[in-house]
Every structure is written in structure tokens, then in C-alpha cells.
Amino acid sequence: GAEGSTLMSYFSKNQIQALKPKITFSTLRDLHCPVLQSNDLQGKPEESCSTEELFEWLGAIMNQVSLDNKSSNFLSTYCCPEPNTVVEKAFLCTITGFIIPEKIIQLLEQLCCYFGEPKLAYWLTLTVHGFADSPVSWRESEHGFHKGGENLYNFVIFRNLDYWLQMAVGAHDDCPP
């Protein structure tokens, strides 16, 4: 009835805007990046970093933590794992909103275009976070918020199109399939 149409007009005016993903870009200059080898998940001293080291480094980058390891910095003394290389320019793009799986596949395909000519990137990443307080995580199980609400996966794609898939969930959640 009338109540339904009033609700619909309210939502169409006020909620549709909220559902549009928000996109932010930033350029990181002279960034220390871990050296990775697609066929070496564990890493090797002086040759490449492990998947765990990369995951930790990505967390620092996404949260804009300083990586200079200064003793005067009380927030973080974290620094990029060894071995690393300095990248003159790296791009960080954040898309916030409700994004369907088909769009994520589309994003992955577009990101792989960076491996075309000129071949500037050795590897790139795409991280997908579920909302920390999402009611569902993996499969049909409830999502246990408890401390951090971890609920994410991360693709690391290499120039030869090998890839790593990293997943993280809270301690009380089902493991991903």
C-alpha cells in the first residue's frame, strides 16, 4: 500500500547513493617492496620473502604504517622484510562498498593488463575484505566477530600469471572451502 511506496521512495532517494562504491587512489613513492618468487612460498634467505612476510607487509601498507623502523616512532618499528627492492612508484587503489564476485573477477582481469607492455610490474595484489561485522563469512556459517572480525582473501599475481591465494578468517569461523 501507501506505506510500501513511501518506504521505496525513501530508500531510492537516500540509500542508492550509499551503495555506490567509493574509490580512492594514492601513489606511494620510493616504496620498499618484498622480493617474491612465484614458485617459492616459504621464501629463501637473501633470495625471496615468504607469503607470511608479504601478508604482514601488505597490512602495513594498507594501514599506512611507516616502514622506516625509527626508534623514536612509538606506533611502529616495523620495516620491510628482506630481501626487498625500492619501487619508484606504486599505486594503491581502495574500493569501498558492496562488490559482487563478477566485479572482482573483472578487476583481476584488468589488473593483469599491467603485465602487458611496458612490463613494469613484477607482481601485483588484490585484497578483498568482508565487513568485520558481516553476519556470514565462508560457506553458510555465522561469522564470529570476537576480536578482529578477520574475513578476507588476497590474490598475489605474478608476471607469468602464476598466483598465490591467501585467506584469513577469525579463530571461531569455518575455514574457507
Side-chain angles (χ1 to χ4, degrees), residues 19-68 76 78-132 134 136-139 143 148-170 173-177:
L19 293 174
K20 281 188 179 172
K22 178 185 164 202
I23 303 173
T24 56
F25 291 98
S26 55
T27 302
L28 309 173
R29 300 198 178 274
D30 300 323
L31 180 68
H32 286 262
C33 290
V35 171
L36 305 177
Q37 297 289 340
S38 64
N39 58 356
D40 199 351
L41 299 169
Q42 305 305 317
K44 283 191 187 131
E46 298 180 23
E47 281 186 39
S48 64
C49 297
S50 70
T51 56
E52 288 88 352
E53 288 172 315
L54 170 75
F55 202 63
E56 189 174 49
W57 176 83
L58 273 175
I61 295 299
M62 289 178 191
N63 289 289
Q64 299 174 333
V65 171
S66 170
L67 304 179
D68 54 18
S76 169
Y78 178 80
C79 55
C80 185
E82 295 282 346
N84 59 57
T85 184
V86 177
V87 173
E88 186 185 321
K89 219 173 7 177
F91 296 106
L92 178 62
C93 173
T94 305
I95 304 171
T96 307
F98 185 79
I99 301 158
I100 60 173
E102 289 79 4
K103 288 286 178 196
I104 293 167
I105 292 166
Q106 215 172 26
L107 275 171
L108 270 174
E109 288 170 350
Q110 288 175 349
L111 281 171
C112 288
C113 294
Y114 278 98
F115 295 128
E117 298 298 336
K119 292 192 174 183
L120 299 176
Y122 290 98
W123 52 267
L124 51 84
T125 66
L126 172 68
T127 304
V128 181
H129 281 267
F131 295 104
S134 169
V136 175
S137 178
W138 298 94
R139 301 182 180 160
H143 175 47
E150 297 85 358
N151 178 19
L152 66 104
Y153 59 91
N154 179 59
F155 280 103
V156 185
I157 307 155
F158 294 90
R159 194 184 277 179
N160 63 0
L161 299 186
D162 282 354
Y163 70 92
W164 297 346
L165 175 58
Q166 299 169 302
M167 299 180 179
V169 291
D173 289 352
D174 261 0
C175 282

**Student:** To the closest 0.5 Å, what do you measure between CG (L31) and CD1 (I61)?
**Tutor:**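 Going from the CG atom of L31 to the CD1 atom of I61 covers 4.5 Å.
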**Student:** Working to the nearest 0.5 Å, report the span between CE of M167 and OH of Y153.
**Tutor:**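 Answer rounded to 0.5 Å: 8.5 Å.
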**Student:** Tell me, do T27 and F25 make a side-chain contact under 4.5 Å, heavy atoms counted?
**Tutor:** no
**Student:** Heavy atoms only: give me the nearest C49-L36 pair and the separation to one decimal.
**Tutor:**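 Residues C49 and L36, closest heavy atoms: O-CD2, 3.9 Å.
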**Student:** Can you list the residues that meet the side-chain contact (heavy atoms from CB on, under 4.5 Å) rule with I99, with sequence neighbours excluded?
**Tutor:**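 By the side-chain contact (heavy atoms from CB on, under 4.5 Å) rule, I99 matches I95, K103, I104.
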**Student:** Under the rule for side-chain contact (heavy atoms from CB on, under 4.5 Å), what residues qualify as partners of S38, not counting sequence neighbours?
**Tutor:** F158, N160, D162
**Student:** With a 3.5 Å cut-off and sequence neighbours excluded, list the donor-acceptor pairs that the side chains of residues 82-92 form with protein atoms.
**Tutor:**
residue: N84; atom: OD1; partner: H32; partner atom: ND1; Å: 3.3
residue: N84; atom: ND2; partner: P81; partner atom: O; Å: 3.1

**Student:** Taking only residues two or more places apart in sequence, or in another chain, which ones meet L161 in a side-chain contact (heavy atoms from CB on, under 4.5 Å)?
**Tutor:** C112, F115, I157
**Student:** Going by the rule side-chain contact (heavy atoms from CB on, under 4.5 Å), which residues pair with L41 if we only count those two or more places apart in sequence or in a different chain?
**Tutor:** T51, W164
**Student:** What is the minimum heavy-atom distance between I23 and C93, and which atoms define it?
**Tutor:**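 Shortest heavy-atom separation between I23 and C93 comes out as CG2-SG, 3.9 Å.
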**Student:** Roughly how far, to the nearest 0.5 Å, is the OG1 atom of T125 from the CE atom of M62?
**Tutor:**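 If I round to the nearest 0.5 Å, the distance is 5.0 Å.
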**Student:** Is any side-chain heavy atom of P34 closer than 4.5 Å to one of C80?
**Tutor:**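 In contact.
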**Student:** What distance separates Q42 CD from Q37 CD, expressed to the nearest 0.5 Å?
**Tutor:** 14.0 Å
**Student:** Partners of F55 by ring pair (Phe, Tyr, Trp, His ring centres under 6.0 Å), sequence neighbours excluded?
**Tutor:**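 By the ring pair (Phe, Tyr, Trp, His ring centres under 6.0 Å) rule, F55 matches no residue at all.
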**Student:** To the nearest 0.5 Å, tell me how far Q106 CD sits from E102 CD.
**Tutor:**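 Interatomic distance, Q106 CD to E102 CD, rounded to 0.5 Å: 9.5 Å.
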**Student:** Rounded at 0.5 Å granularity, tell me how far CG in L126 sits from CG in L108.
**Tutor:**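 Rounded to the nearest 0.5 Å, the CG-CG separation comes out at 5.0 Å.
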